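The structure appears right after this line, and notes come after that.
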Amino acid sequence: MSKSGLKNLKPAPKHFIRSIAENEIKNGKHDSVYTRFPPEPNGYLHLGHAKSICLNFGLAEDMSGRCNLRFDDTNPEKESTEYMESIRASVEWLGYEWDHLCYASDYFDELYDFAVELINKGLAYVDDLDAEQMREYRGTLTEAGRNSPSRERAIKENLALFERMRAGEFAAGQYVLRAKIDMSSPNIVMRDPILYRIRFAEHYRAGDKWCIYPMYDFTHCISDAVEGITHSLCTLEFQDNRELYDWILANITIKENHVGERGKALPRQIEFGRSNLEYSIASKRKLIQLVNEGFVDGWDDPRLTTLDGLKRRGYTPASIRNFCAEIGITKKDSTIEMTVLENAIRHDLEASAKRVFGVLKPLKVVLTNYPEGETEQIEVRNHPKDESMGVRAITFSRELYIDHDDFMLDPPAKFFRLGPGREVRLRYGYAITCDEVIRNEAGDVVELRCSYDPESAKGKTADGRKIKGIIHWVSAEDAVNAEVRQYDRLFNVPNPGASDDFAQELNPDSLVIFENAKLEPSILAADIHDRFQFERVGYFCFDAKDHSERKPVLNRTVSLRDTWANINK
RNA sequence: UGGGGUGUGGCCAAGUGGUUAAGGCACCGGAUUUUGAUUCCGGCAUUCGAAGGUUCGAAUCCUUCCACCCCAGCCA
């Protein structure tokens, strides 16, 4: 068990970053590892972030190191307190504890001073090229760029101009501060990157104190260094930025840090590959589109693989951590099959979910030879293997509900369920035989008249005959009505959003609502956070938003594995 | 076509010159089972992007080639 107290956690896998870190501890480069998870508070977290969280916090946890949660909040136009708080809650939900809660925006003052240091060293200058000109001067992938006319501006003048940028004397876009590196570098990131831009925007934390904001490349490495971070882990697309990361740290003087101790050595950026989940999207832009155009219920729609969505769907923190452990950390981008995620939650819930009976599509069954008005209480276990989960009583009576899917008018031989003249066992109850099928004018099956075998309790039959089929049921008398939402993958193509119009890629059956589900009454006594296995059906949880005792609403987290369905494909 | 990366079974992923190339997911058998669940047992890469080379020995070293990903925001 980890210090977070989560159960059923798999041991942390070994990967190349851990090897690097272990070597650097061994050879004395660092005393201990110090990582950070650095989201920009401009949206909600999804599974891709979970991978990074588990990597950063997990590495620190496994190596007795530390990890900060740091908001990389240098772009006031996109960020908000709401996002920041949601992200913080998601990290906590996963069960991790940060060493320090940090904000890049807390470093604005020192960042400014470091920029001045670079100007003083002749390594940064104020430029007045506009965006379009700058693009022209930058060159292309195959052609070198050209020096800006402002590149040789005197240090004194740069200092004055930068000060005036800060004072708000110029319009947005009029000036930028640039590093003076190499306009002909084959690495485009190094062609005099912009360090500061003018933005007259209210920052969700800094308010209107600033009208110039530092860029990611300038901010991130300094934030890492100032926090004493040893390993700065990020995704592959930042590989080109590493050269700039190192350049900036090599050219400024970090005297001390203010959280944690000063690292012996500068932080090292290491990149790892992103993981994409089949049949889902992680792109912020597309997520916004799904929400705004009403394809889903919101950022926490249970079909979304945002952490809030997965939480509402019924995924546990342990299952998500185990999923991240399962997919590994490498230097290549990967596409993960949905079954890996499903396996992770099934594995967790198989061990921990209470078993109950729930009928999604009720079909009434009347046991014609069972005495009217009589009932029996049957004691059943809450878990087939874990006795500590206790027992409960369910009611058996003359009128029951079974699931419509457990009956076929003309079933194939291998259908181990009910059909005209067929016999099945009601789980924990008696064997019943279907004598009569009642249909309405439209021809729909609306009720079954069956007879029960009074000698068939306790799983045995008097004559020793074997009954292959076992189905679940609830007593009509005390069944609880509930709305059950059956979720499935949101898209019907493995790589949605490849084209820009993904509306046609949506799975029309991603949400099927059963308004009249019948559940055994014990469900009402359960805790709101409990998870259930509806035997033979799947795993379910209460919907955090819409559930009430008056009107129970449950979400299907995931179905049980279903080899019968596979056979029928 | 400049620079930076990556290529091991359907999907992930160990492997860092030396017996039959870990493990998970998926799939296929079979056993147990009052959940067609779970559990169990068995199967599933003569081969590691390709071709050459070095070596007694190569997925691991060298050469060439091929494929794919990222970079030309005053986003992160």
Side-chain angles (χ1 to χ4, degrees), chain A residues 10 13-15 19 38-40 42 72-75 77-78 127 129-131 134-136 138-145 172-178 184-191 193-199 213 215-217 219-220 234-243 271 273-275 278 284 325-344 346-347 350-351 355 357 380 383-385 414-417 425-429 431 456 458-460 467-472 494 533-538 559-567:
Chain A
K10 294 191 178 178
K14 193 119 167 119
H15 48 70
S19 301
E40 183 188 12
N42 68 342
D72 213 346
D73 53 357
T74 58
N75 186 352
E77 287 166 336
K78 292 188 171 177
D127 201 350
L129 254 30
D130 66 30
M134 196 150 318
R135 197 181 320 124
E136 283 165 18
R138 192 155 33 226
T140 68
L141 293 178
T142 52
E143 298 161 46
Q174 194 174 158
Y175 286 103
V176 291
L177 182 72
R178 291 229 260 171
S184 62
S185 171
N187 180 358
I188 291 169
V189 171
M190 298 300 277
R191 318 240 263 230
I194 292 173
L195 268 20
Y196 268 89
R197 77 288 213 187
I198 298 170
R199 275 293 110 91
Y213 290 91
M215 299 286 285
Y216 162 84
D217 284 304
T219 308
H220 205 94
C234 62
T235 43
L236 253 25
E237 69 270 26
F238 290 101
Q239 287 176 118
D240 290 344
N241 300 247
R242 187 175 63 234
E243 190 178 356
E271 310 85 11
R274 285 177 185 270
S275 291
E278 282 190 343
K284 218 157 279 177
E326 207 58 68
I327 64 177
I329 300 291
T330 65
K331 290 203 70 159
K332 80 175 188 202
D333 293 325
S334 57
T335 303
I336 312 295
E337 290 179 345
M338 190 62 96
T339 53
V340 180
L341 216 212
E342 291 175 345
N343 175 260
R346 284 194 187 113
H347 181 81
E350 154 62 26
R355 269 56 172 177
F357 283 170
V380 302
H383 189 105
K385 290 180 180 161
K414 291 258 176 156
F415 185 78
F416 304 140
R417 307 178 191 181
R425 171 172 293 286
L426 295 174
R427 182 153 156 87
Y428 294 127
S456 64
K458 303 276 182 226
K460 303 217 164 45
I467 301 169
K468 180 72 181 166
I470 297 156
I471 63 173
H472 57 100
Q533 185 197 92
F534 290 5
E535 293 209 33
R536 302 208 313 127
V537 181
S559 69
L560 252 33
R561 277 187 74 228
D562 190 350
T563 50
W564 170 243
N566 280 351
I567 289 165

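In what follows, every chain begins at residue 1, and chains take the letters A, B, ... in the order their sequences are listed. Being a predicted model, the structure only gives us computed values, none of them experimental.
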What is the separation between atom [atom1] on [X] and atom [atom2] on [N], rounded to the nearest whole Å?
| X | N | atom1 | atom2 | answer |
| --- | --- | --- | --- | --- |
| A:Lys14 | B:G15 | NZ | P | 8 Å |
| A:His383 | B:U38 | NE2 | C1' | 8 Å |
| A:Lys78 | B:C74 | NZ | P | 12 Å |
| A:Arg417 | B:U35 | CZ | P | 13 Å |

Inset, instruction - To the nearest 0.5 angstrom, please state how far the OH atom of A:Tyr428 sits from the CZ atom of A:Arg355. - result: 9.0 Å
Inset, instruction - Could you tell me the separation between the OG1 atom of A:Thr219 and the OH atom of A:Tyr196, rounded to the nearest 0.5 Å? - result: 6.5 Å
Could you check whether [X] gets within reach of a base, just the sugar-phosphate, or nothing at all, counting any heavy atom under 4.0 Å?
| X | answer |
| --- | --- |
| A:Arg561 | sugar-phosphate |
| A:Lys460 | nothing |
| A:Asp217 | nothing |
| A:Val176 | base |
| A:Tyr196 | nothing |
| A:Arg135 | sugar-phosphate |
| A:Leu129 | base |
| A:Asp72 | sugar-phosphate |
| A:Pro39 | nothing |
| A:Asn42 | nothing |

Would you say [N] has OP1 or OP2 under 4.0 Å from some side-chain N or O of [X]?
| X | N | answer |
| --- | --- | --- |
| A:Arg536 | B:G36 | yes |
| A:Arg191 | B:G3 | no |
| A:Arg199 | B:C75 | yes |
| A:Asn566 | B:C27 | yes |
| A:Arg346 | B:C25 | no |
| A:Arg242 | B:C71 | no |

Legend entry - Beyond-backbone contact of A:Arg536 with A:Ile471, side-chain heavy atoms, under 4.5 angstrom: yes
If you measure from the [atom1] atom in [N] to the same atom in [M], how many Å do you get, rounded?
| N | M | atom1 | result |
| --- | --- | --- | --- |
| B:A59 | B:U20 | C1' | 16 Å |
| B:G7 | B:A13 | P | 9 Å |
| B:A67 | B:A72 | C1' | 24 Å |
| B:A45 | B:A22 | C1' | 13 Å |
| B:C69 | B:U64 | P | 24 Å |
| B:U47 | B:U60 | C1' | 14 Å |
| B:A51 | B:G10 | C1' | 26 Å |
| B:G23 | B:G36 | P | 30 Å |

Inset, instruction - Name the residue closer to the 5' end of RNA chain B, choosing between A:Thr142 and A:Arg138 according to the nucleotide with the nearest heavy atom. - result: A:Thr142
Legend entry - Residue whose nearest RNA chain B nucleotide is more 5′ - A:Asn343 or A:Asp240: A:Asp240
With sequence neighbours excluded, tell me which residues meet side chain to side chain donor-acceptor pair (under 3.5 Å) with [X].
| X | answer |
| --- | --- |
| A:Arg199 | none |
| A:Thr335 | none |
| A:Thr235 | A:Glu237 |
| A:Glu40 | A:Asn42 |

Legend entry - Trace of the side chain to side chain contact (heavy atoms under 4.5 Å, CB included) decision for A:Ile188 with A:Asp240: CA-CA 8 Å; A:Ile188 291 169; A:Asp240 290 344; over 6 Å; no
Listed pairs, N/O of protein and of nucleotides 10-12 of chain B, under 3.5 Å:
| unit_1 | atom_1 | unit_2 | atom_2 | d |
| --- | --- | --- | --- | --- |
| B:G10 | N2 | A:Glu337 | OE1 | 2.9 |
| B:C11 | O4' | A:Glu337 | OE2 | 2.9 |
| B:C11 | O3' | A:Thr335 | O | 3.0 |
| B:C11 | O2' | A:Thr335 | O | 2.6 |
| B:C12 | OP1 | A:Thr335 | N | 3.0 |
| B:C12 | OP1 | A:Thr335 | O | 3.4 |
| B:C12 | O5' | A:Thr335 | O | 3.1 |
| B:C12 | O2' | A:Ile327 | O | 3.0 |

Legend entry - Pairing residues for A:Met190 by the side-chain contact (heavy atoms from CB on, under 4.5 Å) criterion, not counting sequence neighbours: A:Ile181, A:Ser185, A:Asn187, A:Glu243, A:Leu244, A:Trp247
Inset, instruction - Tell me the stems RNA chain B sits in, counting at least three consecutive Watson-Crick or G-U wobble pairs, each under 3.5 Å on both distances. - result: B:2-7 with B:66-71, B:10-12 with B:23-25, B:27-31 with B:39-43, B:49-53 with B:61-65
Legend entry - Stacked pair A:Trp564-B:G36, distance under 5.5 Å, angle under 30°: yes
Inset, instruction - Could you classify B:G73 for me, syn or anti, using a glycosidic angle within 90° of 0 as syn? - result: syn
Side chain of [X]: nearest nucleotide among [options]?
| X | options | value |
| --- | --- | --- |
| A:Phe415 | B:G36, B:C74, B:U34 | B:G36 |
| A:Met215 | B:G4, B:U38, B:C74 | B:C74 |
| A:Arg427 | B:A37, B:A72, B:U34 | B:U34 |
| A:Pro186 | B:U34, B:G3, B:A37 | B:G3 |
| A:Ile194 | B:U34, B:G5, B:C74 | B:C74 |

Legend entry - Side-chain donor/acceptor contact of A:Lys331 with base of B:U6 under 3.5 Å: no
Legend entry - A:Arg138 and A:Glu143 ion-paired at < 4.0 Å: no
Legend entry - salt bridge (charged side-chain N to carboxylate O under 4.0 Å, His left out) partners of A:Arg178, counting only residues at least two apart: A:Asp127
Taking distance alone, no hydrogens or angles, what donor-acceptor pairs closer than 3.5 Å link side-chain atoms of residues 325-332 of chain A to residues at least two apart or in another chain?
| unit_1 | atom_1 | unit_2 | atom_2 | d |
| --- | --- | --- | --- | --- |
| A:Glu326 | OE1 | A:Lys10 | NZ | 2.7 |
| A:Thr330 | OG1 | A:Lys332 | N | 3.2 |
| A:Thr330 | OG1 | A:Lys332 | O | 3.3 |

Inset, instruction - Please report the shortest heavy-atom distance between A:Arg197 and A:Thr74, naming the atom on each side. - result: NH1-O, 3.5 Å
